[in-house]
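The next block holds one structure in the form of structure tokens; read it before the comments.
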Amino acid sequence: MTTTGAIYADLAGVFEEVFPEAGVELSAQLESSEVEGWDSLGHVGLIVAVEDRFGIEFRPEEYEQFASVGALVTLIEAKLV
Amino acid sequence: MASPASEARVTRFAAAAEALTQSQRAQVAEVLLEAAPDFYGHLPFPDRDAVLDAIAEQLRAPGGELADTRVLLAGERVVAAFSPVTGDVKQAGRESLAMLLRRLAPRARAQALAGLSGYVDTLEPLEHDGIYIARFAVAPAARGHGYGRLLGAEMIGDGRARINLHVHRDNRAAIALYERLGLRRASMSDYAFVVYTRPPAAPFGEQDVSSPCGA
């Protein structure tokens, strides 16, 4: 099983790829509104990049279930179990 | 190709997700690409066939904007199509975009998102709930035979649901058709793609058609 720390490390690479301008330090509390580029379109780019990196797939109804890094990590963890 | 013989052929509607052959599905993809060239133009697919494949895939995938696409057939030929979205419009749009991005390499995805963010800014926001028409087009070779009106009547249905759609403000032919069908501009906004809307009302044909836009 992947640890939460390992998920954050992988996710940092995803954020660098999808939001290269943002230059943010990932934390559970980080909200989409605080990340440059994480708008409605960037959200879809993030989903697809996370799917690739972690080998998982999101269902459409899950897209709206996260607007923060913490909620995204929770979703990823649930899919990796 | 439109010919006198094809004009005489019986027309019927079909659901793109189910009742079509692979060749017909490819024709639908052509029509839908034609319906939204500005949108698809921002997606850096290697060639036109790759875009058409991506669109054809969406006809059979649940959840996206094209899942409920309805097709007008004249004989066996696809002459027109429209894509109604009855559920959450934003969610369907996101799922459609995700399906397209999944087919692109990471670098191409970034390019697509950068291009699309400019495109999205040209769309007037939707103010009303209702059925959103994500695509509406007649095949170029089949224009001038009244298929647009047939398609429009199918789109309105019994008229009891509000219809919303985007149209480029310079697309006079489409706007004239929409106005004949009872759609009106939602606001006097300054977007390139403006919203036309038709409030819940009587079925098409029973309403007042004496507007100056009627043909």
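Worth knowing before you read on, the calculation uses all heavy atoms, side chains too, and leaves out hydrogens, waters and symmetry mates. Numbers restart at 1 for each chain; the letters A, B, ... are given by sequence-line order, proteins then strands.
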### Query
Given that the side chain runs from C-beta out, which part of B/Ala110 has a heavy atom under 4.5 Å from chain A: side chain, backbone, both or neither?
neither
### Query
In terms of heavy-atom proximity below 4.5 Å to chain A, should B/Arg94 be classed as side chain, backbone, both, or neither?
both
## Note on the structure
Closest non-hydrogen contact found for A/Val44 with B/Leu101 is CG1-CD1, 3.9 Å
### Query
Just wondering, are more than 12 heavy atoms of other shown residues or ligands nearer than 6.0 Å to CD in B/Glu127?
no
### Message
Quick check: do A/Asp52 and B/Arg109 have side-chain heavy atoms less than 4.5 Å from each other?
### Response
yes
### Residues, nucleotides or ligands: over 12 heavy atoms within 6.0 Å of B/Asp38 CG
yes
### Heavy-atom contact with chain B under 4.5 Å, split by part of A/Glu61
both
### Query
Which pairs, with at least one residue in residues 52-76 of chain A and sequence neighbours excluded, count as a ring-ring contact (aromatic ring centres under 6.0 Å, His included)?
A/His43-A/Phe66
### Query
Has B/Arg60 got more than 12 heavy atoms of other residues, nucleotides or ligands less than 6.0 Å from its CZ?
no
#### Entry: Among B/Val120, B/Leu104, B/Leu97, residue most engaged with chain A (heavy-atom pairs, under 4.5 Å)
B/Leu97
